2 protein chains.
Amino acid sequence: MTSVTDNLNRFFETNGVKHTAQREAIVREFLNLKEHVTIDDLLRRVRSSHPGVGYATVYRTLRLLKEVGLADERHFGDGKALYEPISDHHHDHLICTRCHKIVEFENEEIEAMQERVANEHGFKISGHKMELYGLCADCQKEEAKKKR
Amino acid sequence: MTSVTDNLNRFFETNGVKHTAQREAIVREFLNLKEHVTIDDLLRRVRSSHPGVGYATVYRTLRLLKEVGLADERHFGDGKALYEPISDHHHDHLICTRCHKIVEFENEEIEAMQERVANEHGFKISGHKMELYGLCADCQKEEAKKKR
DNA sequence: CTAAATGCAAATTGTTTGCAGAAAC
DNA sequence: GTTTCTGCAAACAATTTGCATTTAG
């Protein structure tokens, strides 16, 4: 089980990556996330302890994190990208189309089947994204109300 | 089974949508696609028969198609959006991370299981996206060569 | 001392919008 | 005739890059 600190060290040990205060702040803040962030979210958090950090540095650091395999970037349709730390166990997303709540889940069986399908097409899988869209329990109720 | 012409008619019958030459060209070209296109791809195709059509018109028409439920927009990581006609049977994507080849597939079992997982979380599903990333057969060979 | 990182502003890219003229209905 | 389109150019938003300066190793 890799801890946040492990990953942080792993990050700075990568070839010629220098250890600066702002990187430390960004990477640490990011790796502790359990949720998705936009660049602005992350920058805001980082600035609360390190004012003066610029957008460019966050973008650049996030790109590094992606390259090292510690961050995942996604686009849920709305303009801006969302980032999340790649955690030990992979998970997928259930997204409510009404209130935009996001629930994470994982399911071994589905993953196994994905593997099989990929093999049938000659692919060797390295990752995947799966998003299920629909109404969450609360919003189903709300929708039912509206119809009355 | 809805045909291209059915969908084309359906499109122009939508509330106050006017029937213009450029729309006809764009929509027809688009609905006949079996693959994904970028805006540029589509514009290029359309211009071969209707030169002078502008980007804006393609963007606007594609937005309409999305609203009417005839087009699907996605972002596979690279900057630009890809569009594809929504066909009768849903499918998912296998994407080669090296040559960017895209293979479509469908799998009933996985879909059934997605449904089940969603139910467990109280969700009522209306759609999903699933993308498997990895190396296609050809690129696996290429990669093997490189290592020698 | 040297190579790499920072912050800023300017540049780029993909997409959207305002508007005057042109078509559709 | 009125409303909806079109094409263009200008506007925008997200992200990237160039560069002078600072900082880590």
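We name chains A, B, ... by the order of the sequence lines, and we start the count at 1 in each one. Since the model is a prediction, treat every value here as computed from it, not as a measurement.
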Checklist entry - Taking NZ, NE, NH1 and NH2 as the nitrogens, is one of them in A/Asp138 or A/Arg98 under 4.0 Å from a carboxylate oxygen of the other? => result no
Checklist entry - Which residue pairs pass the ring pair (Phe, Tyr, Trp, His ring centres under 6.0 Å) test when at least one of the two sits in residues 6-33 of chain B, sequence neighbours left out? => result B/Phe12-B/His19
Checklist entry - Among pairs that include at least one residue of residues 32-70 of chain B, which meet ring pair (Phe, Tyr, Trp, His ring centres under 6.0 Å), considering only residues two or more places apart or in two chains? => result B/His36-B/His93
Item to check | Note, A/Val37 side chain near A/Leu82 side chain (heavy atom, < 4.5 Å) | outcome: no
Checklist entry - How about A/Glu104 and A/Lys34: do any of their side-chain heavy atoms sit closer than 4.5 Å? => result no
Checklist outcome for this item: Grouping ILVMFWY residues whenever side-chain heavy atoms fall under 4.5 Å, the cluster of B/Met113 otherwise contains A/Leu94, A/Val103, A/Phe105, A/Ile110, A/Met113, A/Val117, A/Phe123, A/Ile125, A/Met130, A/Leu132, B/Leu94, B/Val103, B/Phe105, B/Ile110, B/Val117, B/Phe123, B/Ile125, B/Met130, B/Leu132
Checklist outcome for this item: Note: with side-chain heavy atoms under 4.5 Å as the link, the other cluster members for A/Leu135 come out as none
Holding to side-chain contact (heavy atoms from CB on, under 4.5 Å), I want the full list of residues that pass it with [X], two or more places apart in sequence or in another chain.
X       : result
A/Arg10 : A/Asn7, A/Val68, A/Leu70
B/Thr57 : B/Gln22, B/Ile26, B/Val53, B/Thr61
A/Arg63 : A/Glu67

Checklist outcome for this item: Axis-to-axis angle across the helix from C/dC1-D/dG25 to C/dC25-D/dG1, five pairs each end, nearest 10 degrees, ~ 30°
Checklist entry - Considering residues, nucleotides and ligands other than A/Lys124, do more than 12 of their heavy atoms fall under 6.0 Å from its NZ? => result no
Checklist entry - Looking at DNA chain C, which of residues 18-30 of chain A put a heavy atom within less than 4.0 Å of it? => result A/Lys18, A/Thr20, A/Gln22, A/Arg23
Checklist entry - Quick one, which residues of residues 42-61 of chain B touch DNA chain C with a heavy atom under 4.0 Å? => result B/Ala56, B/Tyr59, B/Arg60
Item to check | With sequence neighbours excluded, residues passing side-chain hydrogen bond (donor to acceptor under 3.5 Å, both in side chains) with A/Arg44 | outcome: none
Checklist entry - Nucleotide range of DNA chain D contacted by chain B, 5' to 3', under 4.0 Å to a heavy atom? => result D/dT3 to D/dC8
